[in-house]
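For ligands, and for the atoms within them, numbers begin at 1 and follow the listed sequence.
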Amino acid sequence: MSRNRLVAGNWKMHGSRAANQALLDALLAGIAGTNAVECAVCAPFPYLQQVSERLKGSALAWGAQNVSEHEQGAFTGEVSAAMLREFGCRYVIVGHSERRQLYGESDARVAAKFAAAQRAGLTPILCVGETLEAREAGRTEEVVARQLDAVAIDPKAPAVLAYEPVWAIGTGRNASPEQAQAVHAFLRKKLPGEMRVVYGGSVKAQNAAALFAMPDIDGGLIGGASLLAQDFIGIVKAAAAAAASERVGT
Ligand code: PGA
């Protein structure tokens with residue numbers, strides 16, 4: 001696998017200036033020596049300045065959790081991709097299931113956000129995933145295909161795909177490595193280029209190695225465990241170990 005692994009934290013609506021500083025300090029110390037893995041944290045908007053200053057010149061990239069599909073204008077409460085880019089932001093999560101479910105983001109809106117992010121030079125992390133109801137009805141592939149097909153993917157523009165089964169997010173019940181691998185392989189076949197496909201949903205230091213050993217799982221999007229430095233570092237180390245064992249094996 002030539003794709004570089006990515007482990008990205010999604011802090012969601014958590015943090016404070018003091019907590020962020022302690023977390024970033026611990027992460028920077030803890031991820032030293034894991035160069036084979038790209039690491040990032042996606043912080044709430046008000047903390048992007050703090051995060052960008054602390055991480056400048058470091059191996060830890062950073063991103064936002066949402067972006068407007070519009071360039072500018074009368075959109076109260078929204079933040080444009082160009083504004084994020086001006087900070088030096090690299091990533092932005094689009095289409096997280098919490099945005100889709102709690103804020104009514106449609107496939108079309110997610111697709112517009114994805115395009116706006118790329119136009120501004122950001123790398124969108126596009127989330128797709130089925131609900132428990134859809135999985136139990138045997139509709140997993142249909143749902144993730146619909147979510148992915150709504151988005152115009154240019155193989156030359158940087159982007160990351162995250163498979164996040166809704167039933168695994170924040171529940172402590174991760175997809176088994178085999179369940180995740182099956183969906184990743186399905187998604188991979190639909191992609192035009194060498195895009196990374198990461199898994200999200202209750203990834204912890206204890207289950208990360210088994211997930212990252214799967215051939216089509218290129219890393220993780222980490223919620224709860226990204227708020228605890230030792231847990232996040234453990235996940236990054238599991239990704240580094242998976243990358244190292246692959247080099248030995250090839
Ligand atoms: P979780 O969240 O790791 O807490 O399950 C993942 C996500 O929502 O991206």
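- Remark: side-chain polar atoms of Glu38 are not paired, donor with acceptor, to backbone N or O of Leu6 under 3.5 angstrom.
- Across the listed options Gly9, Gly170, Gly220, Gly223, Gly170 owns the non-hydrogen atom lying nearest to atom 5 (O) of ligand 1.
- By the criterion of a heavy-atom distance under 4.0 Å, both the backbone and the side chain of Ile169 are placed next to ligand 1.
- Taking the six-membered ring for Trp and thresholds of 30 and 60 degrees, Tyr163 and His184 have ring planes more than 60 degrees apart, a perpendicular arrangement.
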Begin with the C-alpha distance, continue with both residues' side-chain angles, and end with the deciding distance and a verdict on side-chain hydrogen bond (donor to acceptor under 3.5 Å, both in side chains) for Glu164 and His96.
CA-CA 8 Å; Glu164 297 209 309; His96 191 279; 3.3 Å; yes
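- Using a 4.0 Å cut-off between a side-chain N of Lys or Arg and a carboxylate O of Asp or Glu, Glu69 and Arg109 qualify as a salt bridge.
- Using a 4.0 Å cut-off between charged nitrogen and carboxylate oxygen, Arg188 and Asp218 count as a salt-bridge pair.
- The number of heavy atoms from other shown groups lying within 6.0 Å of CD (Glu78) is above 12.
- Although no hydrogens or angles enter the test, the distance criterion places no donor-acceptor pair under 3.5 Å between the side chain of Ser68 and the main chain of Ser80.
- Every heavy atom of Cys127 sits 4.0 Å or more from the atoms of ligand 1.
- Residue contact check for ligand 1: His96 places a non-hydrogen atom closer than 4.0 Å to it.
- Close approach of ligand 1 to Ala168 is summarised as follows: ligand atoms under 4.0 Å from at least one heavy atom of the residue are 5 (O).
- Assignment of Gly200 to the shell around ligand 1 is not supported, since no heavy atom sits closer than 4.0 Å.
- Which of Lys12, Lys204, Arg173, Glu164 comes nearest to atom 9 (O) of ligand 1 through a heavy atom is settled by distance: it is Glu164.
- Checked by distance only, ligand 1 and Ile222 stay at 3.5 Å or farther apart across all their nitrogen or oxygen atoms.
- When only non-hydrogen protein atoms are considered, atom 4 (O) of ligand 1 lies nearest to Gly224 N, 2.8 Å.
- Applying the 4.0 Å criterion to heavy atoms of Gly201 picks out, from ligand 1, the atoms 5 (O).
- Looking at Ser226 against ligand 1, nothing comes within 4.0 Å, counting heavy atoms.
- Ligand 1 has Ser202 within reach: a non-hydrogen atom of the residue lies less than 4.0 Å from it.
- When each of Tyr91, Phe45, Trp11 is tested with Gln65 by the rule side-chain contact (heavy atoms from CB on, under 4.5 Å), just one qualifies, namely Trp11.
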